[in-house]
Amino acid sequence: MRILYPFLAVLALVLISFVGAKMPGGQSLFGVVIPYLAFFAFIIFFIKKIIYWAKSPVPFRIPTTSGQEKSLPWIKQNKTDCPSSTGGVIGRMFLEVFLFRSLFKNTKTDVEDGPKLVYGSSKYLWLFGLLFHYSFLVIFLRHWRLFTNPVPSFVTKLELADGLLQVGVPVLYQSDIILLLALTFLFLRRVIRPQLRYISLASDYFPLFLIMGIGITGILMRYFIRVDIVSVKELAMGLATFKPVIKGDIGVLFFIHLFLVSCLMVYFPFSKLMHMGGVFLSPTRNLANNNRMVRHINPWNDTSIKPHSYAGYEDEFREFMVNAGLPVEKELPPAAEEPPAAEEDKPAE
Amino acid sequence: MADPKPDVLGVSVARDPSLMTGAVPSKEWMDVPAVFKPGNYCYPGKKSIVEYHSKNFPGLFGEPREWEVESDDWKLPDNWKEIIINGIKERLDKFRSFKIFMDCCVRCGACADKCHFFLGTGDPKNMPVLRAELLRSVYRNEFTKAGKILGRIAGARPMTFGVLKEWFMYYYQCTECRRCSVFCPYGIDTAEVTMMARELLHLVGVNTNWILEPAANSNRTGNHLGLQPHTFKDNAEFLLDDIEEATGLKLNSLTFNRKGAEVLFIIPSADVFAEPGIFTFMGYLLLFDHIGLDYTISTYASEGGNFGSFTNNELMKKLNGKMYAEAERLGVKWILGGECGHMWRVVHQYMDTMNGELQRSLEMPVSPITGTRFENAAASKMVHVSEFTADLIKHGKLKIDKSRNDHRVVTFHDSCNPARGMGMLDEPRYILENVCNNFYDMPENCIRENTFCCGSGTGLNTGEIMELRMRGGLPRANAVKYVEDRHGVNMLSCVCAIDRATLLALMEYWNPNVGVCGVSELVGNALIMDGEKERETDLRFDPLPGTEG
Ligand code: SF4
Ligand code: SF4
């Protein structure tokens, strides 16, 4: 169910665009209206979500320290995993965002007879996660070719690098293959590993299928079922300059591809995919471990919460304190016969 | 119910079908109810105790009442769901961490097998990711569009009594150790989620006595044991006699509530009360006498540990405030803190933020012996005794006879909070390397920032859940076993008072030949005191190597 439903959902999306793009007016609906709506929905709701997060303060400075703190000058601080300065935090965040540092630490634990716990290194998730994200990024950037004229040189360079293997006509991009491979791995991992399978939700499979759909339609268009690339570029340029035109018969595959991308854009801000923005705001990572050096201010700190006062404490225990020779602020009254005060303040046993 | 023997439990952990041993439960987790039976829950807070807290914090601790965990009527207020949902809303607005952690999990599973409770129980809901989903599912239902429209398909579910039971069960099977957070690609800290959930549970009066009563005691008497000032003093002074017996020295440097001392020393109160903490306490006293430190101990602020931190941030703040209040009253220059884990999470990450306005005349801590300025405590004015001791050793200020610890083959347990909520990893190791000849670290997956919890932190070290604790502590015990087999380790040292209580039970259970001690105990053993007698025993009156028989 958690796998089937999202799969069917993506199939349905493909079908909708397949049929829709062939209907009268369908091309402008799926080629212009929906992409625009999706794009603006993405921007607006993405920003809304960031604002929603940012509106809440960070009351306490709670970095997860993952290395030696800065303390005595002769003790070597782990500046990347336990930074104490802004520069250090930037370094930590860089490693986290661009190299998935925490995932790199991943281990896999098994229990054997004894009982004995065995920890093995487990870098697959890190590797395929990284491959997926970077190939997605490369593909995303390559698409700039469609929206720019002249095509910026970094795009052409990227294309050259991506086609380094020089196989096939048109040249095969490694990123296409890697993306699909990584997606397949991430999917299989979810299905095969019992722990993963048990925690996975439909909303974990849906984006996998959706992006797979985008990847597959894209690859089909490039290598197998060619679409009219000139018209595609014209449409893309038109979209970018707010003068969209649809000329000729682009080919339905393109509209399916574009529709899936639109769906991804709309889905993005409402889903776990927002981790893309959230990772920057995570208080266990983006704060310096300098709590004792520099005071962190909590905007809602309730100054009316005071400790149980010393005076109250002494009032309750003065007699005992005096008898035990403990210094007191207020001596006992001359005839110290009455029982200690503040009796009602004490939890009954 | 009798707790199972180690060999039985050991087989159960390794063989019983569970998500740890590869068996996938047939039902989805939302369809598996939490069932309470003797031995798997902590007793609820006594009515009188809850009343006490409610007086200080109206509403935050719910309706004081008698209730039973196994019953299906928890005597909740009629509008309890509303209280919970409003409570979530309020906390989302107050804590960005809460929002981010609710929204960003991708269920990558990196955290799944990092939790000691999952490793020991194989219970799916002890995977940090699912532990957080227990609350996240309700968040989705109430606060996200996807959850509202798609419901269960989007992983959302309404708040029900069954959910509440689940929360009570699994947010009290989390020791807020933060190990999961080290591995999460977004730093999602399930400990933080647990803190939120416990706050919420308190709002509707769902709580445990083992946390609330010590917290009430700390507030009233100054320490969690409820020792009144004279008893606290007696206990501490009693240990001076033990020191005299072991060293021949009658120390007169220990004072209480003394105004004008340079340093206020705050310990976890268990250190004056129970073995093996009392040996640690003896170690502190010998050290301070050795260097002639001008210090005093307060009976009013006689608890370093903060049981409030296991309930809500308000009570945490209230209990913590005593430290600065007392330091100011006594007019000390700075505060030195003893060996205690969660005390240091609070002192390091919360104290100055919460109660900084109470400090007025405290000064940047400077070691009167070495002149070292503790720049890392410039704002909070509080230094850890291990930082302080390491500095003394580095400057050659201690006369040490390492061989007095030769009967100990020592390893070191990084307590969760100093490790992952502070980053104090090398100071204690430096001390150990300088006070004993046989020190061996456990394997790297189990120490430093990867350290495993003792299995009983955050107020779970109560007798009624012994089996759970022994399961949760298994990963730690297992790593100790490894160095025991390899190097003959017979002493597990730590810088935490809860550890000194819980590891003791854990070692007795899984590794009966390994003892537990505080780092300062080993320091005390090794110190060559001026005018001491020929030392024949260590501080626990075990014969020193070469003197036995
Ligand atoms: S590691 Fe983080 S993102 Fe992955 S499942 Fe755990 S909490 Fe979620
Ligand atoms: S904080 Fe510790 S006990 Fe809690 S879920 Fe994470 S690993 Fe488990």
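Numbered from 1 within each chain, the chains take letters A, B, ... in sequence-line order.
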Answer yes or no: is there a donor N or O on one side and an acceptor on the other, between the side chain of [X] and the main chain of [Y], under 3.5 Å?
X         : Y         : value
Thr65(A)  : Arg420(B) : yes
Asn298(A) : Thr353(B) : no
Arg96(B)  : Ala54(A)  : yes
Gln349(B) : Pro63(A)  : yes
Lys114(B) : Thr109(A) : no
Lys317(B) : Asp302(A) : yes
Trp300(A) : Lys94(B)  : yes
Lys306(A) : Lys318(B) : no

Nearest 0.5 angstrom please: [X] [atom1] to [Y] [atom2], how far?
X         : Y         : atom1 : atom2 : answer
Arg2(A)   : Ile153(B) : CZ    : CD1   : 11.5 Å
Met424(B) : Cys82(A)  : CE    : SG    : 12.0 Å
Cys104(B) : Leu273(A) : SG    : CG    : 10.5 Å
Ser122(A) : Asp113(B) : OG    : CG    : 8.0 Å
Ile100(B) : Leu281(A) : CD1   : CG    : 4.5 Å

Taking atom [atom1] of [X] as the centre, does the number of heavy atoms from other residues, nucleotides or ligands within less than 6.0 Å exceed 12?
X         : atom1 : result
Phe7(A)   : CZ    : no
Phe280(A) : CZ    : no
Lys145(B) : NZ    : no

With chain A as the partner, which of [options] has the greatest number of non-hydrogen pairs under 4.5 Å?
options                                    : answer
Gly321(B), Ser181(B), Ala378(B), Gly109(B) : Ser181(B)
Lys322(B), Glu133(B), Arg178(B)            : Arg178(B)
Thr372(B), Thr299(B), Leu319(B), Val24(B)  : Thr299(B)
Pro475(B), Ala477(B), Ser12(B), Ala112(B)  : Pro475(B)
Phe98(B), Tyr482(B), Phe118(B)             : Phe118(B)
Ala154(B), Ala14(B), Ala479(B), Gly187(B)  : Gly187(B)

Discussion item. Working note: Arg292(A) + Glu387(B), criterion salt bridge (Lys or Arg N to Asp or Glu O under 4.0 Å); need CA distance, chi angles, decisive distance, verdict.
Written reply: CA-CA 13 Å; Arg292(A) 280 186 289 155; Glu387(B) 295 169 336; 2.7 Å; yes
Go through the atoms of [X] and report whether side chain, backbone, both or neither lie under 4.5 Å from a heavy atom of chain B.
X         : result
Leu196(A) : side chain
Lys108(A) : both
Arg101(A) : neither
Ile305(A) : both
Trp74(A)  : side chain
Leu125(A) : side chain
Tyr52(A)  : both
Pro73(A)  : neither
Tyr5(A)   : side chain
Ser309(A) : backbone

Worksheet item: Parallel, tilted or perpendicular: which describes the rings of Tyr300(B) and Tyr310(A), with under 30° parallel and over 60° perpendicular?
Response: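 Perpendicular: the ring planes of Tyr300(B) and Tyr310(A) meet at over 60°.
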What part of [X] gets within 4.5 angstrom of chain A, counting heavy atoms only: side chain, backbone, both, or neither?
X         : answer
Cys111(B) : neither
Thr221(B) : both
Leu92(B)  : both

So, are [X] and [Y] salt-bridged, with charged N and O less than 4.0 Å apart?
X         : Y         : result
Glu357(B) : Arg295(A) : no
Glu375(B) : Lys70(A)  : no
Lys55(A)  : Asp93(B)  : no
Lys259(B) : Glu329(A) : yes

Which pair of non-hydrogen atoms, one from [X] and one from [Y], has the smallest distance, and what is that distance?
X         : Y         : answer
Gly22(B)  : Pro194(A) : O-CG, 4.1 Å
Ala146(B) : Phe270(A) : CB-O, 4.4 Å
Ile199(A) : Met127(B) : CG2-CE, 3.5 Å
Ala110(B) : Asn106(A) : O-OD1, 3.7 Å
Tyr186(B) : Ser282(A) : O-OG, 2.6 Å
Pro307(A) : Ala325(B) : CG-CB, 4.1 Å

Worksheet entry | Between Gln228(B) and Glu316(A): side-chain donor-acceptor atoms closer than 3.5 Å |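 Glu316(A) and Gln228(B) do not have a side-chain donor-acceptor pair below 3.5 Å.
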Worksheet item: Is there a donor in the side chain of His275(A) and an acceptor in the side chain of Asp103(B), or the other way round, less than 3.5 Å apart?
Response: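 No, no side-chain donor-acceptor pair sits under 3.5 Å.
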Quick one: of [options], who has the most non-hydrogen atom pairs under 4.5 Å with chain B?
options                                    : value
Arg189(A), Met276(A), Gln77(A)             : Arg189(A)
Val97(A), Ile75(A), Asp204(A)              : Asp204(A)
Gly67(A), Ala202(A), Ser84(A)              : Gly67(A)
Lys272(A), Arg285(A), Gln68(A), Lys105(A)  : Gln68(A)
Leu201(A), Val58(A), Asn78(A)              : Leu201(A)
Arg193(A), Gln195(A), His296(A), Met274(A) : Gln195(A)

Discussion item. I want to check a possible cation-pi pair here: Lys99(B) against Trp53(A), using under 6.0 Å from ring centre and within 45° of the ring axis as the test.
Written reply: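 Lys99(B) over Trp53(A) ring: no.
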Worksheet, complete the sentence: Those residues of residues 110-120 of chain A that come under 4.5 Å of chain B on a heavy-atom basis, listed by number, are Asp110(A), Val111(A), Glu112(A), Asp113(A), Pro115(A), Lys116(A), Leu117(A), Tyr119(A)
